[in-house]
Amino acid sequence: RASVKKITTGSQALDGLLGGGIETRTMTELFGEFGSGKTQICHQVSVNVQLPSEKGGLSGKALYIDTEGTFRTERIKAMASALGLDPKEVLQNIMSIRAINTDHQIAIVEELQDIISKDNTIKLVVVDSITSHFRAEYSGRENLAVRQQKLNRHLHQLVRLAEIYDLAVIVTNQVMARPDMFYGDPTVAVGGHTLYHVPGIRVQIKKSRGNRRIARMVDAPHLPEGEVVFSITNTGIRD
Ligand code: ATP
Ligand code: MG
């Protein structure tokens, strides 16, 4: 694991939970209820990956697959400015792609192989969210097997990209706070664990008081379980 690199989240506490930051060669899943901060973290890491290594980045670019239309250029610019970076330049180094349905989302990831093999400065791929289109298109018990098969294949493709090209992959997954809402949905077990079997790191994000959030490491293969507190501020993710 010596060659794994890390990208800072902007919070030392959250970085600590992650063993130093978001790792390359790994898929990191952020799951949690609406408004918990998954998209905010994705925005922040897309900015931070561009920082030089001494500041916690990889001097790299980001690819942002946006399935919910929640990518915000203004938020990227604010986060960039707060770090003393040129907002326009930072925005240019984030390729955002709007995925309109599952087939489109899958096709984009299939094309990434080609894009990334030609541009080795891409060090982060975000899929925000990985599950929304799948849930909408394959609702109902009779469709669950097909949905799981398709989603698993898609996730494995992302994991392979991370491993082959030494980049970080972050996917988000909305899980409602009330676990009883999830009876009948086998991608989400009571308590919020997702049940697809893909290697990677899973972090649950929970709301706390005001702008405070709690991050919890779940089932990490090489990291201790634990919880930390971080904040979502107007300048981005902070302690
Ligand atoms: P969903 O599951 O609905 O996609 P999410 O986990 O992606 O939710 P985010 O959109 O990342 O949630 O978080 C939204 C929260 O981030 C807001 O409720 C607010 O608390 C905080 N936030 C967003 N923008 C700012 C800002 N400019 N300044 C301060 N806090 C902000
Ligand atoms: Mg979101």
Side-chain angles (χ1 to χ4, degrees), residues 7-11 13-15 17-18 22 27-49 62-83 85 87 90-91 94 96-102 105 108 124-137 139 151 158 168-179 181-182 185 187-188 191-194 196 201-218 227-239:
I7 308 164
T8 183
T9 60
S11 156
L14 186 50
D15 287 353
L17 184 80
L18 294 163
I22 299 284
M27 184 171 76
T28 302
E29 176 189 331
L30 305 175
F31 71 96
E33 63 180 308
F34 73 94
S36 58
K38 303 178 294 293
T39 296
Q40 293 299 312
I41 297 172
C42 293
H43 278 62
Q44 185 73 64
V45 180
S46 298
V47 173
N48 291 0
V49 69
L63 255 157
Y64 200 111
I65 302 172
D66 176 19
T67 72
E68 298 180 315
T70 53
F71 181 77
R72 291 287 176 275
T73 58
E74 288 311 316
R75 190 63 174 136
I76 294 292
K77 286 184 192 167
M79 288 173 167
S81 297
L83 295 175
L85 301 171
V90 167
L91 205 50
I94 303 172
S96 73
I97 309 167
R98 179 84 162 92
I100 57 164
N101 57 34
T102 53
Q105 184 179 328
I108 292 165
L124 171 69
V125 172
V126 171
V127 186
D128 182 22
S129 103
I130 192 85
T131 39
S132 57
H133 286 317
F134 282 91
R135 288 216 177 99
E137 284 171 47
S139 60
L151 182 57
L158 286 162
V169 171
I170 304 178
V171 304
T172 70
N173 181 16
Q174 192 193 72
V175 174
M176 278 178 246
R178 281 175 53 203
M181 303 276 290
F182 281 87
D185 183 346
T187 62
V188 184
H193 292 248
T194 52
Y196 39 73
I201 292 167
R202 288 196 179 102
V203 182
Q204 182 177 18
I205 314 290
K206 291 182 278 190
K207 289 182 198 166
S208 183
R209 246 169 222 274
N211 68 343
R212 312 292 280 165
R213 298 292 188 273
I214 297 162
R216 184 170 72 97
M217 183 61 68
V218 180
E227 280 191 358
V228 298
V229 177
F230 67 95
S231 308
I232 309 173
T233 75
N234 55 354
T235 53
I237 303 298
R238 296 291 184 271
D239 276 316

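Each ligand, and each atom within it, is numbered from 1 in the order the structure gives.
- Residue nearest to atom 21 (C) of ligand 1, selected from Thr67, Thr233, Ile232: Ile232 (by heavy-atom distance).
- The two atoms that bring Thr67 and Gln105 nearest to each other are CG2-OE1, 3.5 Å, heavy atoms only.
- Near Gln174, the atoms of ligand 1 lying under 4.0 angstrom from a non-hydrogen atom of the residue are 1 (P), 2 (O), 3 (O).
- Taking every non-hydrogen atom of Gly37 and a distance limit under 4.0 Å, the qualifying atoms of ligand 1 come out as 5 (P), 6 (O), 9 (P), 11 (O), 12 (O), 13 (O).
- The CE atom of Met79 lies 12.5 Å from the CD atom of Glu74; values are rounded to the nearest 0.5 Å.
- Ligand 1 has a nitrogen or oxygen under 3.5 angstrom from a nitrogen or oxygen of Gly35.
- Each of Arg75, Arg213, Arg72 was scored for a side-chain hydrogen bond (donor to acceptor under 3.5 Å, both in side chains) with Gln40, with one residue passing: Arg75.
- Ligand 1 does not have His43 within reach: every non-hydrogen atom of the residue lies 4.0 Å or more from it.
- Contact annotation: for Glu33 versus ligand 1, heavy atoms closer than 4.0 Å belong to the backbone alone.
- Between Thr233 and Thr235, the side chains place a donor N or O and an acceptor N or O closer than 3.5 Å (distance only, hydrogens not considered).
- Near-neighbour remark for the Mg ion (ligand 2): protein N, O or S atoms under 2.8 Å are Thr39 OG1; waters not counted.
- Ligand 1 has at least one atom lying under 4.0 Å from a heavy atom of Ser36.
- Using 4.0 Å as the threshold, Arg213 has a heavy atom nearer than that to some atom of ligand 1.
- Pairing each heavy atom of Val45 with each of Thr9, the nearest pair is CG2-CA, 4.3 Å.
- Atoms CD1 and CG, from Ile7 and Asp15 in turn, are 10.5 Å apart once rounded to the nearest 0.5 Å.
- Closest of all the heavy-atom pairs between Ile130 and Phe134 is O-CD1, 3.3 Å.
- No hydrogens or angles considered: a donor-acceptor pair under 3.5 Å links the side chains of Thr39 and Asp128.
- Here the heavy atom of the protein found nearest to atom 2 (O) of ligand 1 is Lys38 NZ, 2.7 Å.
- Ile201 pairs with exactly one of Ile22, Val218, Thr28, Leu17 by the side chain to side chain contact (heavy atoms under 4.5 Å, CB included) rule, that one being Thr28.
- Looking at Leu30, Ile237, Asn234, Val175, it is Asn234 that brings a heavy atom closest to atom 28 (N) of ligand 1.
- Atom 10 (O) of ligand 1 has as its closest protein heavy atom Thr39 CB, 3.8 Å.
- A donor-acceptor pair is defined here as one N or O able to donate and one able to accept, closer than 3.5 Å; such a pair exists between the side chain of Ser129 and the backbone of Thr131.
- The shortest non-hydrogen separation linking Glu137 to Thr102 is OE1-OG1, 2.6 Å.
- Distance check, rounded to the nearest 0.5 Å: OG of Ser11 to CD1 of Ile232 gives 11.0 Å.
- Scanning all protein heavy atoms for the shortest distance to atom 4 (O) of ligand 1 gives Glu68 OE1, 3.7 Å.
- Residue, atom and distance of the protein heavy atom nearest to atom 23 (C) of ligand 1 are Gln40 NE2, 3.4 Å.
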